[in-house]
Amino acid sequence: MDSNHIGHSMKDQKMQQHQSHQDHGGRQGGPSHHELMFRRKFWISLVLSIPVIIFSPTVQGWLGYSMPTFPFSQWIVPIFSVIVFIIGGLPFFDMARGELKKKQPSMMTLISLALAASFLYSLASTIFRLEASFYWELVTLVDVMLLGHWIEMRSVRQASGALDELSKLLPDTAERITDGDAVETVKISELKKGDLVLIRPGASVPADGEVVSGSSSMNESMITGESQPVHKEKGAKVVSGTINGDGSLRVRVTAVGEETTLAGIMRLVAEAQQSKSRSQILADKAAGWLFYIALGVAAITAVAWLIAEGWNIEILSRVTTVLVIACPHALGLAIPLVVAISTSIGASNGILIRDRIALEAARNLDVIVFDKTGTLTQGEFGLSELTVFSDLEDDQALALAAALERDSEHPIAKAIRKAAEDKGLALPEVQKFEAIKGKGIQGEVDGVVYHLGNPRLVEEQGAELTDQIRQFSDQANQSGETVIFLTNGKDVLAGFGLADQVREASAEAVRQLHEQGYQVAMLTGDSEAVAKTVANQLGIDRYFAEVLPENKDQKIRQLQEEGKKVAMVGDGVNDAPALARADVGIAIGSGTDVAIESAGIILVDSDPMGILRVIKLSKATFKKMRQNLIWATGYNVIALPLAAGVLAPVGFVLPPAMGALIMSISTVVVAVNAQLLRRVKDEL
């Protein structure tokens, strides 16, 4: 993939400027030069092959018809075949030259060998007026190989098709807010970090940023695959290319150009396309072995037939048939098509496959290790417990606390306010607000001074701590919750327990993993009490608490030393060593940390259920790889001996034309079978 796939509108001085939606869509999502070349050569070769096939004596004999003869009609087949060979066949020799320079014969070398054998034999048959020729097999071989390479390149391009569609949604311009609060329209390429931009209702977000003011719902489906709109308010992060809902937002730009989420995603997809799976590496090695096997079988065939019957033209036909049948095009397509399609399916479902070996390894996992904060939990405080110790109602106590915390940016304050907002509570007016450093806050409501803070603040106020209050505090501490109290100076009115909130999807993800036979573990730097509470809440088999970031990889290694295949699922920041150590590293993080070098697979959204999609895609991908490899290699195992004439003593010799036809059919079967992988998309 070239840089155009990342998108003009995301490029700064190192990248071309964004032009227009028409230009943007036409150049980003379009085929590459090589894809266009193979497509063009395929159609030209196919058209030129039609006269060859129609006038081929072999085909006429099969179908029981005869073409009219006219002056020079006998030259139609050889002349058109030579043209097809030059146009469509020679590019494979160029690619084979690179393999031979490295002394590593593989796919292209074997394909070129088959083409050369069929071409030279056919040319000899014309010059020396032999009865048999391989002209129709030659042109169909060229056509099939060109078609296969075109399909493969198109499938690879489609791997980033969903992301190309996203990049088309990027606007040409942005509305930048100046110091005087005026709005000016600027090109995307002129935006810089720190700029304040206005996102109107229904508009696309021009760059990654953080909401400064306003609230709205954002359509992020093109990034995460989630159709549900995501609520955004002050402090929330927004991603370039996503679509704003009905509200108006002011956003501070945090990333532009190549640093944006979308640019990172596109780089990851490009890396995935360039990487190879173990099965693909095996297929390449198999093609190299097959090259030597084909030469060996051809030599044995020649010697055996010479000894058996002496020299005749049939020996040359047998040897050529062996070399043509050995063409590994089915083997060459067996893996690349599958991995290209699986990459495409993953990208459209929020799964970015950076390393194909990681995807292939995911099917063999034993233990799934989740980081706690930001992965199983939301990574932010939420209200877990509320107990009233006075004649206040629960909602009254919560409204008072939220009113006191109205102007605070502390995580605890946000959690209290959110709890009140979720209930739609009306907040009283607060006077004489004052922050008490390290302890809490105070403010006056209707002439009464209230305090909201930690137990130390309560002790300083001299408020009475009853057994009920102490019991509440002890239980909250055992659960790893942070405790704050609301007082009026002399009495404790209510207690609040706050903790990092578990994601709604976490319990379901753990349950389904257990159903499929996987062990689930949790890794966290939090206290034993916090880890135990979350593990019990989710039904996690094993947890490691109070683990420093630099020691997380040791826990992964510990599991591996127990003979387990381990996946690590984390946010990719302090989990980097563990992600790198695991058999499969899976980064998770709302699409904002996608450029994580230590993870082989990235889940664009923060849904723990994504690990189940990864495993399902891995198993489906490997199944198709195995089926294609069995078919492609099985064909050669059977066809090569038959072409060599091992059944000649019982009166059966594989006709050259039939061998070439079987070769073509095997390629079609492999290509069709790979396409069937697309059915798994609806199951993810």
Side-chain angles (χ1 to χ4, degrees), residues 56 58 81 85 89 92-93 96 99-100 105-126 128 130-145 148 283 285-334 631-667 669-670:
S56 170
T58 302
S81 297
F85 176 77
F92 294 99
F93 288 85
E99 294 179 353
L100 292 175
S106 187
M107 294 290 179
M108 296 302 105
T109 307
L110 196 48
I111 290 172
S112 299
L113 180 64
L115 286 172
S118 57
F119 175 72
L120 292 175
Y121 176 82
S122 299
L123 206 58
S125 71
T126 300
F128 299 106
L130 306 178
E131 292 185 5
S133 71
F134 277 91
Y135 282 123
W136 87 267
E137 293 93 333
L138 170 65
V139 297
T140 54
L141 186 59
V142 169
D143 293 341
V144 168
M145 288 188 294
K285 289 182 178 179
W289 299 332
L290 190 56
F291 171 75
Y292 294 109
I293 292 172
L295 291 178
V297 172
I300 293 171
T301 300
V303 172
W305 281 89
L306 274 171
I307 294 173
E309 297 186 357
W311 167 254
N312 59 60
I313 196 61
E314 185 64 24
I315 294 177
L316 186 57
S317 176
R318 291 285 100 215
V319 171
T320 305
T321 303
V322 167
L323 296 177
V324 171
I325 284 179
C327 177
H329 200 251
L331 185 61
L333 285 180
W631 177 266
T633 55
Y635 150 77
N636 282 293
V637 168
I638 296 172
L640 275 178
L642 292 178
V646 294
L647 296 182
V650 298
F652 177 80
V653 177
L654 183 68
M658 185 60 67
L661 181 62
I662 294 173
M663 182 275 298
S664 299
I665 292 174
S666 70
T667 303
V669 170
V670 165

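Reckoned from all heavy atoms, side chains included, excluding hydrogens, waters and symmetry mates. By convention here, the first residue in the shown sequence is residue 1. Keep in mind it's a predicted model, so treat the numbers as computed, not measured.
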Would you name the heavy atoms of [X] and [Y] that are closest together and state the gap between them?
X	Y	value
Ala644	Val297	CB-CG1, 4.1 Å
Leu642	Val646	N-CG2, 4.2 Å
Val142	Gly89	CG1-N, 4.0 Å
Pro649	Gly645	CD-O, 4.1 Å
Glu99	Met108	OE2-N, 3.3 Å
Val319	Ala298	CG2-O, 3.7 Å

[atom2] on [Y] to [atom1] on [X], rounded to 0.5 Å:
X	Y	atom1	atom2	answer
Leu323	Leu115	CG	CG	11.5 Å
Ile315	Thr320	CD1	OG1	11.5 Å
Ile300	Trp305	CD1	CH2	14.5 Å
Leu640	Ile638	CG	CD1	10.5 Å

*Taking side chain as C-beta onward, heavy atoms only, is Phe85 less than 4.5 Å from Ser118?*
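They are not in side-chain contact.
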*Side-chain contact test, heavy atoms from C-beta onward, threshold under 4.5 Å: evaluate it for Phe93 versus Thr109 and give yes or no.*
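Not in contact.
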*asked:* Test your reading of the model: is there a side-chain donor-acceptor pair from Tyr135 to the backbone of Ser56, 3.5 Å cut-off?
replied: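 Here the side-chain-to-backbone pair does not exist.
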